[in-house]
Visitor: 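Take a look at the following structure, please.
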Amino acid sequence: MAKTGWTAGDIPDQSGRTAVVTGANSGIGLVTARELAYRGARVILACRSETRGRAAETAINEQVPSAQVEFRPLDLGDLSSVSEFAAGFPYERLDLLINNAGVMALPCGTTADGFETQFGVNHLGHFALTGLLLPRLIETPGARVVTLSSGMHLMANIDLDDLNSERSYSRWIAYGRSKSANLLFVHELARRFAAAGSDTVAAAAQPGYAKTNLHTAGVRMEGRERTERVVEVASRIIGQSAEAGALPTLYAATEPGVRPDSFTGPRIQNWRGSPTRSWRAKWTLNDTAGELLWAASEKLTKVRYDGLTS
């Protein structure tokens, strides 16, 4: 369990380490990338928008003059973009892969490859990215994969017979399923690392309620301005800062002794506060479901984790 009051000041020196942070252009991803860079890591900002990614690169360089950061394009909703990112990854080592990017409660839609958007971006995109970068991770001693889930995974277990919500669609149920998929992915990935004798750690984190643009993206897409304003006001009143929301991720990524398949979140009701062990639904620890989701994900993405067998 994390010590009470853990802050970004407790992050160990990251000099010589290389990190990839998806969705690093704003919110929790931007804070995560900045703090890792401040501690000496070389950080790749993996972002869909070049404009926002370049702006984040500039902002971090201004705040951290010694930063080693670089933008590289990555659209998790397009598997060809994921493949191009992995194929163009220029470094031999990869110490930290932070699967941070995500979408929440969007209107019904599909990715470039025809997957339901939330499942496709939040789970399948990161599944493919991790698999394609797997050789770098395994070859780097002490590497970690940290995948962001949410306390809202409690809203819904995955439906193995309807992973893409084709029978019916509810934006919040689809979001909950995608976040449960994130945790099942970590569970199965940790099991496979252990079976292969790898010291790579797969862990999960969740930010609680943080004031980021994730909460308003869906209603903004639909032009629901009044609802958007209500959400923005609520976030200002009850949400914690992106800096606080990033702490569970940073803890899972850098604190010595983080256990495989652990789930770190805010201390106070899984809502806000310093990092600690987060409660998770039993279905996210189901070995059979993890194996079945893994097999389905390999089939859908056509990415196989060579060297990590079942």
Side-chain angles (χ1 to χ4, degrees), residues 18-26 28-29 32-33 43-54 56-57 69-104 106 109-140 143-149 163-164 174 177-179 181-186 188-189 192 200 202 204 214 217 249 293-308:
T18 299
V20 170
V21 181
T22 68
N25 57 277
S26 65
I28 291 164
T32 299
V43 185
I44 291 83
L45 313 177
C47 311
R48 182 173 59 88
S49 167
E50 180 169 359
T51 300
R52 292 193 292 270
R54 297 289 184 193
E57 183 180 36
V69 293
E70 59 183 274
F71 160 77
R72 286 185 174 268
L74 172 67
D75 183 353
L76 290 161
D78 185 342
L79 292 178
S80 66
S81 173
V82 177
S83 295
E84 289 172 9
F85 177 91
F89 187 75
Y91 304 111
E92 291 185 2
R93 66 181 299 134
L94 177 54
D95 299 85
L96 299 174
L97 173 57
I98 312 294
N99 291 327
N100 164 82
V103 293
M104 183 174 77
L106 299 185
T110 57
T111 67
D113 303 284
F115 308 128
E116 186 275 312
T117 303
Q118 298 188 81
F119 179 68
V121 171
N122 295 351
H123 170 63
L124 291 176
H126 282 126
F127 178 90
L129 177 67
T130 305
L132 292 169
L133 292 175
L134 185 68
R136 308 294 176 90
L137 290 163
I138 290 179
E139 291 166 7
T140 304
R144 293 187 191 180
V145 179
V146 178
T147 300
L148 265 70
S149 182
L163 289 172
N164 283 299
R177 287 174 175 171
S178 74
K179 296 289 100 178
N182 290 148
L183 285 170
L184 270 174
F185 167 58
V186 169
E188 180 66 9
L189 182 60
R192 291 182 180 233
T200 307
L214 184 68
T249 299
L293 176 63
W294 187 282
S297 300
E298 284 190 333
K299 182 177 180 180
L300 291 169
T301 64
K302 298 180 174 59
V303 173
R304 295 188 61 83
Y305 283 54
D306 293 333
L308 292 188

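Residue numbers count from 1 along this sequence.
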Visitor: Could you pull out the closest heavy-atom pair between Leu183 and Ala204, with the gap in Å?
Guide: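 Smallest interatomic distance, heavy atoms only, reads CD2-CB, 3.6 Å.
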Visitor: Return yes if some donor-acceptor pair links the side-chain N/O of Ser49 with the main-chain N/O of Arg52 below 3.5 Å, else return no.
Guide: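 Here the side-chain-to-backbone pair exists.
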Visitor: Can you sort out the partners of Glu84 under salt bridge (charged side-chain N to carboxylate O under 4.0 Å, His left out), two or more places apart, ordered by chain and number?
Guide: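 For Glu84, no residue satisfies salt bridge (charged side-chain N to carboxylate O under 4.0 Å, His left out) once neighbours in sequence are set aside.
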Visitor: Look up atom OG1 in Thr147 and atom CG in Asn122, then write down how far apart they are to the nearest 0.5 Å.
Guide: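 Going from OG1 on Thr147 over to CG on Asn122, the span is 11.0 Å.
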Visitor: Applying salt bridge (charged side-chain N to carboxylate O under 4.0 Å, His left out), name anything that partners Arg48, two or more places apart in sequence or on another chain.
Guide: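 Here no residue qualifies.
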Visitor: When rounded to the nearest 0.5 angstrom, what distance separates CG in Leu124 from OG1 in Thr117?
Guide: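 Going from the CG atom of Leu124 to the OG1 atom of Thr117 covers 11.5 Å.
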Visitor: Grab the two heavy atoms, one from Phe115 and one from Gly120, that are nearest each other, plus how far apart they are.
Guide: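 Taking every non-hydrogen atom into account, CB-CA, 4.0 Å.
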Visitor: Looking only at side-chain N and O atoms, does Ser149 offer a donor or acceptor that is under 3.5 Å from a partner on Asn182?
Guide: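 No.
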Visitor: Here's a test for you: under side chain to side chain contact (heavy atoms under 4.5 Å, CB included), which of Leu76, Asp78, Thr22, Asp75 qualifies with Val121?
Guide: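 Testing each of Leu76, Asp78, Thr22, Asp75 against Val121, the sole residue satisfying side chain to side chain contact (heavy atoms under 4.5 Å, CB included) is Leu76.
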Visitor: Check whether any side-chain heavy atom of Thr18 sits under 4.5 Å from a side-chain heavy atom of Leu96, and report yes or no.
Guide: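 Counting from C-beta outward, Thr18 and Leu96 never come under 4.5 Å.
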Visitor: How long is the straight-line distance from NE2 of His123 back to CD of Glu116, given to the nearest 0.5 Å?
Guide: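 Going from the CD atom of Glu116 to the NE2 atom of His123 covers 12.0 Å.
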Visitor: Tell me, do Leu132 and Val303 make a side-chain contact under 4.5 Å, heavy atoms counted?
Guide: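 Of all side-chain heavy-atom pairs linking Val303 with Leu132, at least one is under 4.5 Å.
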Visitor: Dump the intermediate steps for side chain to side chain contact (heavy atoms under 4.5 Å, CB included) on Leu134 and Asp306, then the final yes or no.
Guide: CA-CA 8 Å; Leu134 185 68; Asp306 293 333; 6.0 Å; no
Visitor: Examine Tyr305 together with Phe127 and report whether their ring centres are nearer than 6.0 Å.
Guide: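 Yes, they do, as the ring centres are separated by less than 6.0 Å.
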Visitor: Closest heavy-atom contact between Gln118 and Ser178?
Guide: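 Heavy-atom minimum between the residues: O-CB, 3.6 Å.
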Visitor: Go through the steps to decide whether Arg192 and Trp294 satisfy the test side chain to side chain contact (heavy atoms under 4.5 Å, CB included), and finish with yes or no.
Guide: CA-CA 11 Å; Arg192 291 182 180 233; Trp294 187 282; 3.2 Å; yes
Visitor: Set out, in order, the CA-CA distance, both residues' side-chain angles and the distance that settles side chain to side chain contact (heavy atoms under 4.5 Å, CB included) for Asn25 and Phe71, then state yes or no.
Guide: CA-CA 9 Å; Asn25 57 277; Phe71 160 77; over 6 Å; no
Visitor: Rounded to the nearest 0.5 Å, how far does CG of Leu148 lie from CD1 of Ile28?
Guide: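 Ile28 atom CD1 to Leu148 atom CG measures 6.5 Å (nearest 0.5 Å).
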Visitor: Please check if the number of heavy atoms outside Arg304 that lie under 6.0 Å from its CZ is greater than 12.
Guide: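 12 or below, so no.
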Visitor: With rounding to the nearest 0.5 Å, note down the distance linking CZ in Arg177 to CG in Asn164.
Guide: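 Reported to 0.5 Å precision, the distance equals 10.5 Å.
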Visitor: Where do Leu74 and Ala46 come nearest, in terms of heavy atoms and distance?
Guide: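 Smallest interatomic distance, heavy atoms only, reads CD2-CB, 3.7 Å.
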Visitor: Look up atom CG in Leu189 and atom CG in Asn99, then write down how far apart they are to the nearest 0.5 Å.
Guide: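 The CG atom of Leu189 sits 9.5 Å away from the CG atom of Asn99.
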Visitor: Scan Val20, Val146, Val21, Thr200 and name whichever one has a side chain to side chain contact (heavy atoms under 4.5 Å, CB included) with Leu97.
Guide: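 For Leu97, the side chain to side chain contact (heavy atoms under 4.5 Å, CB included) test succeeds with only one of Val20, Val146, Val21, Thr200, which is Val20.
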Visitor: Under 4.5 Å between any side-chain heavy atoms of Tyr91 and Ile44, yes or no?
Guide: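 Result yes, sub-4.5 Å side-chain heavy-atom pair found.
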Visitor: What is the minimum heavy-atom distance between Gly131 and Pro135, and which atoms define it?
Guide: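 Nearest pair, atom of Gly131 first, then Pro135: O-CD, 4.1 Å.
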Visitor: Run the salt bridge (Lys or Arg N to Asp or Glu O under 4.0 Å) check on Lys302 and Glu298 step by step: do they pass?
Guide: CA-CA 5 Å; Lys302 298 180 174 59; Glu298 284 190 333; over 6 Å; no
Visitor: Looking only at atom types and distance, does a side-chain atom of Asp95 sit under 3.5 Å from a main-chain N or O of Ala19, one as donor and one as acceptor?
Guide: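 Here the side-chain-to-backbone pair does not exist.
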Visitor: Determine the minimum heavy-atom distance between Leu137 and Leu94, stating which atoms define it.
Guide: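 The pair with the smallest heavy-atom distance is CD2-O, 3.6 Å.
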Visitor: Mind running side chain to side chain contact (heavy atoms under 4.5 Å, CB included) on Glu57 and Glu70 for me, showing each step along the way?
Guide: CA-CA 6 Å; Glu57 183 180 36; Glu70 59 183 274; 4.0 Å; yes
